[in-house]
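Written below as structure tokens is the structure these notes are about.
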Amino acid sequence: MAKQNIELIVNGDRYEVAVEPNRMLVDVLREDLGLTGTKIGCAQGDCGACTVIMDGVSISSCLTLAVEAHQRDLTTIEGLATSPQELHPIQESFVQHGAVQCGYCTPGMVMSAKHLLDNNPKPSEQEIRQGLSGNLCRCTGYNKIVEAIGAAAGKMASSAKEG
Amino acid sequence: MAMPEFQVHQPKTVEDVLDLLGRHRSSVKLLCGGTDLLIKMRAGAQTPEHLVSLNRVAGLKTISYAGGDGLVIGGAARISQVGKTAEVRRLYPGLAHACSVMATVQIRNMGTVAGNLVNAAPSADTAAPLLAYGASLVAVERGGRRQIKLVDFFTGPGLTVLEPGEMVEAIRVPDVSPRSGSCYLRLSARSKVDIAAVGVAGFLNLDLEGKVIRCRLALGSVAPTPLRCPEAEQILEGQTPDEKLIAQAAAACVRASRPIDDLRATAAYRRAMVQVLAQRVLTQSLDMAKGGTP
Ligand SMILES: Cc1cc2nc3c(=O)[nH]c(=O)nc-3n(C[C@H](O)[C@H](O)[C@H](O)COP(=O)(O)OP(=O)(O)OC[C@H]3O[C@@H](n4cnc5c(N)ncnc54)[C@H](O)[C@@H]3O)c2cc1C
Ligand code: FES
Ligand code: FES
């Protein structure tokens with residue numbers, strides 16, 4: 001199968017890669033770019049472990065052909081922290097609220113939370129739960145994740161006011 | 001299972017899409033969100049050698065509304081965008097509801113209404129509300145364009161009247177007149193992420209005296225295809241609906257259904273729920289048509 005040259009823009013960095021047209025974005029992110037924060041759970045759109053943001057909306061990278069991401073703007077979990085010392089407020093809140101157990105679902109959960117708060121900075125508990133409808137967690141029972149996102153929303157709103 | 005091999009084409013115009021469909025006629029599929037197609041391909045159920053992506057075609061994601069003309073949903077418009085459009089929420093609440101609760105956030109951001117219809121699952125969530133609103137598809141092929149009424153579109157599970165060289169350029173939904181009300185309700189075993197076990201959509205338009213001028217009712221997940229319920233519609237048209245008439249129309253919806261037992265629900269449960277949901281859908285549509293809040 002002839003490879004296709006594509007340009008991926010991930011977390012502001014440009015990558016030129018040659019990929020087979022049948023490869024999924026999640027595999028290219030993990031195997032070719034070494035960005036292994038994005039996980040694969042089900043590989044069929046059910047679990048959300050592979051969630052990334054493309055052109056401003058959350059998508060399942062296990063159901064997206066890498067060639068379809070050519071020159072699109074991508075954000076993965078590696079792109080959230082502002083510096084190696086400082087986590088993104090959503091990540092910080094997950095740590096503080098004990099919202100991480102095995103951690104396998106966490107990158108996808110955080111990306112879905114980011115998509116939610118980007119579109120709805122003050123979600124109700126119900127809206128947070130709906131925003132996570134595409135993310136499965138086998139460990140936490142969800143409550144701590146929901147609390148963490150609610151707290152992160154509050155913090156981000158007050159620091160936006162100050163700033 | 002490993003993904004089969006194929007080539008991906010990313011045309012920028014509808015003309016190029018149609019050329020590619022013609023050139024690779026023997027083994028080609030259109031690709032939008034891929035949320036149905038890529039899963040089928042990975043399972044080996046479909047093995048096209050060529051995929052023609054609609055995601056870079058100019059203008060195909062547009063959603064527009066104009067009074068008198070109604071709503072036009074582009075052939076690559078995302079489900080989440082349709083669900084967020086102000087006019088869809090105000091005038092076509094049944095469609096807005098389907099587009100806000102089906103599948104998951106990510107799948108709604110990727111999947112399209114056109115893909116949902118062409119995939120033709122009996123449970124396709126946008127089908128019942130679009131049938132209730134009297135929608136049509138605009139299908140284009142090289143040298144031709146035709147309008148297909150959605151009620152004539154589905155021929156079986158996964159089957160439609162669309163020809164291999166055709167693509168859906170847009171979905172057209174007629175404008176809604178004053179004193180109209182509509183609603184879509186769905187039930188599924190595992191909240192919304194699971195596909196619907198039963199879905200009922202309704203549309204009512206009343207005259208100044210409160211008589212029904214036009215009624216459309218549609219069901220999902222209870223037959224090999226999404227379907228309309230003409231007998232139930234005729235029970236209501238020309239009448240002033242009350243509780244008894246609504247129960248009769250709902251019973252006619254149950255008669256129109258041909259449900260099966262499967263892992264999501266039994267046929268008997270589905271029949272019982274068609275009765276309940278049809279009554280709720282008609283009651284809410286009537287309240288909305290009368291100007292009350294649903
Ligand atoms: C986890 C998950 C949950 C889901 N839940 C639901 C649910 O609750 N309810 C529901 O109804 N569906 C559900 N689906 C199914 C699917 O997401 C929808 O049917 C979606 O609308 C398909 O759109 P798409 O753009 O992804 O289609 P694609 O997969 O890109 O295409 C589907 C078919 O339509 C054809 N096609 C696409 N666009 C056009 C066009 N413009 N003209 C002609 N042919 C075209 C393709 O060739 C293909 O045959 C779910 C899927 C997943 C993975
Ligand atoms: S790995 Fe993509 S949704 Fe599960
Ligand atoms: S923390 Fe283990 S799956 Fe969510």
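These values consider heavy atoms only, across backbone and side chains, with no hydrogens, waters or symmetry-generated copies. Values in this document were obtained by computation on a predicted structure and should not be read as measured data.
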Working to the nearest 0.5 angstrom, can you tell me the gap between [X] [atom1] and [Y] [atom2]?
X	Y	atom1	atom2	answer
A:Ser58	B:Arg108	OG	CZ	9.0 Å
B:Ile107	A:Ile59	CD1	CD1	10.0 Å
B:Leu38	A:Cys62	CG	SG	9.5 Å
A:Asp55	B:Asn55	CG	CG	10.5 Å
B:Arg56	A:Gln71	CZ	CD	7.0 Å
A:Asp46	B:Thr104	CG	OG1	8.5 Å

### Task
Side-chain contact test, heavy atoms from C-beta onward, threshold under 4.5 Å: evaluate it for A:Ser133 versus B:Val105 and give yes or no.
yes

### Message
Taking the side chain as everything from C-beta on, heavy atoms only, tell me whether A:Arg23 gets closer than 4.5 Å to B:Met3.
### Response
no

Can you tell me if [X] has over 12 outside heavy atoms packed within less than 6.0 Å of its [atom1]?
X	atom1	value
B:Arg89	CZ	no
A:Tyr142	OH	yes
B:Lys84	NZ	yes
A:Arg72	CZ	yes
B:Lys61	NZ	yes

Atom of [X], atom of [Y] and distance for their closest heavy-atom approach:
X	Y	value
B:Val8	A:Pro21	CG2-CB, 3.8 Å
B:Ile39	A:Gln44	CD1-O, 3.4 Å
A:Leu65	B:Phe6	CD2-CZ, 3.8 Å

### Message
Heavy-atom cut-off 4.5 Å, strictly under: side chain, backbone, both or neither for B:Leu37 against chain A?
### Response
neither

### Query
For B:Glu5, is it the side chain, the backbone, both or neither that has a heavy atom under 4.5 Å from a heavy atom of chain A?
both

With a 4.5 angstrom heavy-atom cut-off, which part of [X] approaches chain B: side chain, backbone, both or neither?
X	answer
A:His115	side chain
A:Ala43	both
A:Met24	side chain

### Matching residue for B:Gln106 among A:Val57, A:Thr51, A:Val52, A:Leu63 - test: side chain to side chain contact (heavy atoms under 4.5 Å, CB included)
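For B:Gln106, the side chain to side chain contact (heavy atoms under 4.5 Å, CB included) test succeeds with only one of A:Val57, A:Thr51, A:Val52, A:Leu63, which is A:Thr51.
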
### Task
Please lay out, stage by stage, how A:Gln4 and B:Gln7 fare under the test side chain to side chain donor-acceptor pair (under 3.5 Å).
CA-CA 9 Å; A:Gln4 221 165 305; B:Gln7 242 181 296; over 6 Å; no

### Task
Look at A:Val67, A:Leu132, A:Thr64 and state which one has the largest set of heavy-atom pairs under 4.5 Å with chain B.
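Counting heavy-atom pairs under 4.5 Å, the top option is A:Val67.
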
